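Each chain gets a letter, A, B and so on, in the order its sequence line appears, and its residues count up from 1. The structure presented is a predicted model; accordingly, all values stated were derived computationally and were not measured.
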Protein chains: 2
Amino acid sequence: MHPAQVEQVRRFNRLVTQRVGALDESYLRRGRPLGEARLLFETGAKGADLRGLRDKLGLDSGYLSRLLRSLQSQGLIQVRQQRQDGRRRRVRLTAKGRAELAAYDELSDALARSVLAPLGQAERGRLLAAMAEVERLLEAGAIEIAVAAPASADARWCLERYFTELAERFETGFDPAKSNPAADDDLTPPAGCFVIARLNGRPIGCGALKLRTKRIGEVKRMWTAPEARGRGVARRVLERLETEARRLGLKTLRLETNRALKEAQALYRKQGYKEVAPFNDEPYAHHWFEKRL
Amino acid sequence: MHPAQVEQVRRFNRLVTQRVGALDESYLRRGRPLGEARLLFETGAKGADLRGLRDKLGLDSGYLSRLLRSLQSQGLIQVRQQRQDGRRRRVRLTAKGRAELAAYDELSDALARSVLAPLGQAERGRLLAAMAEVERLLEAGAIEIAVAAPASADARWCLERYFTELAERFETGFDPAKSNPAADDDLTPPAGCFVIARLNGRPIGCGALKLRTKRIGEVKRMWTAPEARGRGVARRVLERLETEARRLGLKTLRLETNRALKEAQALYRKQGYKEVAPFNDEPYAHHWFEKRL
DNA sequence: GCGATTCTCTGACCAAAGTCAGAGAATCAT
DNA sequence: ATGATTCTCTGACTTTGGTCAGAGAATCGC
């Protein structure tokens with residue numbers, strides 16, 4: 001990683017903690033200790049149960065208890081036993097509490113507006129676009145790639161969306177029955193494997209590996225959810241499949257793809273796959289690729 | 001301001017305080033109270049005097065004194081009287097203190113690298129570009145526009161760079177002596193005014209207003225430092241000049257510009273200036289504009 | 001030289017944030 | 001039914017961060 005790149009990230013961190021963080025701490029508390037303000041905010045209009053609040057804010061139970069007592073004595077919240085489980089308790093905002101929350105919301109809005117205020121229309125658009133981009137790419141850090149059973153609910157969900165998308169994008173439509181099959185068993189160790197990418201626990205992409213011989217494997221079912229594209233999900237899934245392939249002792253990976261899937265082809269080429277002559281009769285394929293591991 | 005824009009800024013603030021801010025607070029302190037860590041960091045390899053530290057970190061003198069005592073007892077710093085002024089004191093890092101500072105530096109680097117690690121080359125480039133853009137545009141909030149004397153050091157500095165740039169960009173070069181003059185007196189109230197844009201106290205742009213008659217003014221000397229472009233500096237300078245013009249009772253503003261200055265022309269048009277027939281014989285001008293206030 | 005000012009230090013406070021060890025009530029597992 | 005577990009509360013305690021009022025030394029303005 002280039003030092004100048006690291007320096008840019010550090011500069012960004014510095015600026016942003018100064019400009020955003022500092023304001024957050026001083027402006028956004030309305031004369032209340034930060035702990036209470038955060039608690040009020042996290043409780044929200046819908047209320048919450050204590051257990052959830054403790055986990056989310058990482059508070060000691062004793063500390064939370066005292067914070068709640070304080071907010072209660074200010075008339076902002078009510079704490080009540082839950083019906084189903086008498087040990088648990090729920091917090092709910094009173095009318096006064098909701099008014100207070102609305103005030104926080106308004107402050108937060110004002111803060112956001114103050115960022116946009118000195119800018120002209122064009123610059124605002126650029127700032128917002130850049131913020132969205134930073135957001136998307138920072139989120140990539142929270143993406144996890146994991147091996148999963150192809151019969152699991154998450155895998156099914158991915159495959160369903162994958163097939164739906166193929167049907168929409170292929171000129172000829174797509175019928176899984178006519179395509180070369182890849183049964184669950186073929187995608188389960190030791191015959192192969194299935195990999196899922198998750199963002200905050202929700203599946204956003206997948207990929208699979210199927211052994212053809214002891215030395216040759218096939219990559220299949222590569223898919224990224226449209227809302228998660230542009231974050232390198234597919235690349236990371238593919239890299240993970242290659243790692244698994246090496247672990248299984250494979251020497252060569254093959255894959256085929258449809259001409260409608262331009263991004264996929266670009267990815268394969270960038271990752272070192274070379275186009276080769278057709279090695280199977282997959283009816284939906286137009287391009288065949290191969291990579292020596 | 002559109003609610004969706006405000007929401008985007010708020011989402012960004014939330015994400016960034018979580019991902020950057022939280023790490024900053026927990027990772028980056030090496031088991032030391034935040035106050036001590038900040039102090040160590042601010043002291044830096046070169047050392048600093050107490051007065052400066054208090055101003056920069058906004059600390060109470062008693063509090064600072066105690067923090068220093070603590071760092072001193074850990075063997076990280078030395079505090080010594082200054083020669084010139086016996087009241088003042090300087091802090092310097094010991095060898096151990098410098099090692100500690102280097103460790104902080106390394107941590108900070110590691111943090112930055114962890115942001116880039118999950119990304120591929122192309123995405124890294126996009127993230128860094130977006131970060132730089134956010135940085136530039138957030139900085140716009142710190143830009144201040146102020147009226148100043150055209151003879152002041154800051155004004156002279158701007159004008160010098162302005163003339164140098166004109167000489168480079170005009171096909172014919174530029175000689176101030178051949179251009180229509182605007183003496184200091186003409187740009188000083190009540191005959192006109194001179195406006196400077198500053199970022200963190202350093203001049204980054206300027207503009208001037210010169211009265212032609214009681215109702216007609218001329219905008220002159222519009223310039224933005226190259227390193228500060230794309231943040232709406234010129235627009236804000238121009239808006240300020242228009243405000244001053246209205247205060248002086250002017251009804252019409254005029255300006256002329258050279259064909260090499262494309263961005264300037266785009267700005268004038270966007271701010272409501274209409275191209276008109278030449279109203280003077282400025283030898284370097286190709287376009288003449290006018291706006292009714 | 002002298003009073004005003006500047007700079008740092010000390011001691012006495014304070015609030016916020018957080019930790020720890022029980023205790024009491026409710027629920028779960030068997 | 002009962003012992004283990006879960007959830008919350010209470011009281012005692014600590015650390016961090018910070019304020020305030022003075023005191024003492026050095027320097028400045030004249």
At under 4.0 Å between heavy atoms, which parts of nucleotides 11-22 of chain D does protein reach? Answer with one letter per nucleotide, 5' to 3': B base, S sugar-phosphate only, - none. BB---SSSBB--
Is a donor on one side and an acceptor on the other found under 3.5 Å between the side chain of B:E144 and the backbone of B:R198? no
Selection: residues 77-93 of chain B, any non-hydrogen atom under 4.0 Å of DNA chain C: B:R87, B:R88, B:R89
Is there a donor-acceptor contact under 3.5 Å from the side chain of A:T224 to the main chain of A:V233? no
How many whole angstroms separate atom CG of A:L68 from atom C1' of D:dC9? 11 Å
State plainly whether the residues B:R126 and A:E133 are in salt-bridge range, i.e. N to O under 4.0 Å. yes
More than 12 heavy atoms from other groups under 6.0 Å of CZ on A:R11: yes
Could you state the CG-P distance from A:D49 to D:dT6, rounded to the nearest angstrom? 16 Å
Examine D:dC7: is either OP1 or OP2 under 4.0 Å from a nitrogen or oxygen in the side chain of A:R54? Give yes or no. no
Looking at A:D49 and A:R90, is there a salt bridge between them, counting it only when a charged N and a carboxylate O are closer than 4.0 Å? no
If I take atom CG in residue B:D55 and atom P in nucleotide C:dT6, what distance separates them, rounded to the nearest angstrom? 13 Å
Flag for B:Q78-B:R92: side-chain donor and acceptor within less than 3.5 Å: no
Atom-to-atom span, CZ of A:R51 to C1' of C:dA25 - whole angstrom: 16 Å
From CG of A:L53 over to P of D:dC7, roughly how many Å is that when rounded to an integer? 14 Å
Would you kindly say whether B:Q74 and B:R32 are connected by a side-chain donor-acceptor distance under 3.5 Å? yes
For A:A140, does its backbone N or O pair with a side-chain atom of A:R236 as donor and acceptor, under 3.5 Å? yes
Could you tell me how far apart A:L64 (CG) and C:dA17 (P) are, to the nearest whole angstrom? 14 Å
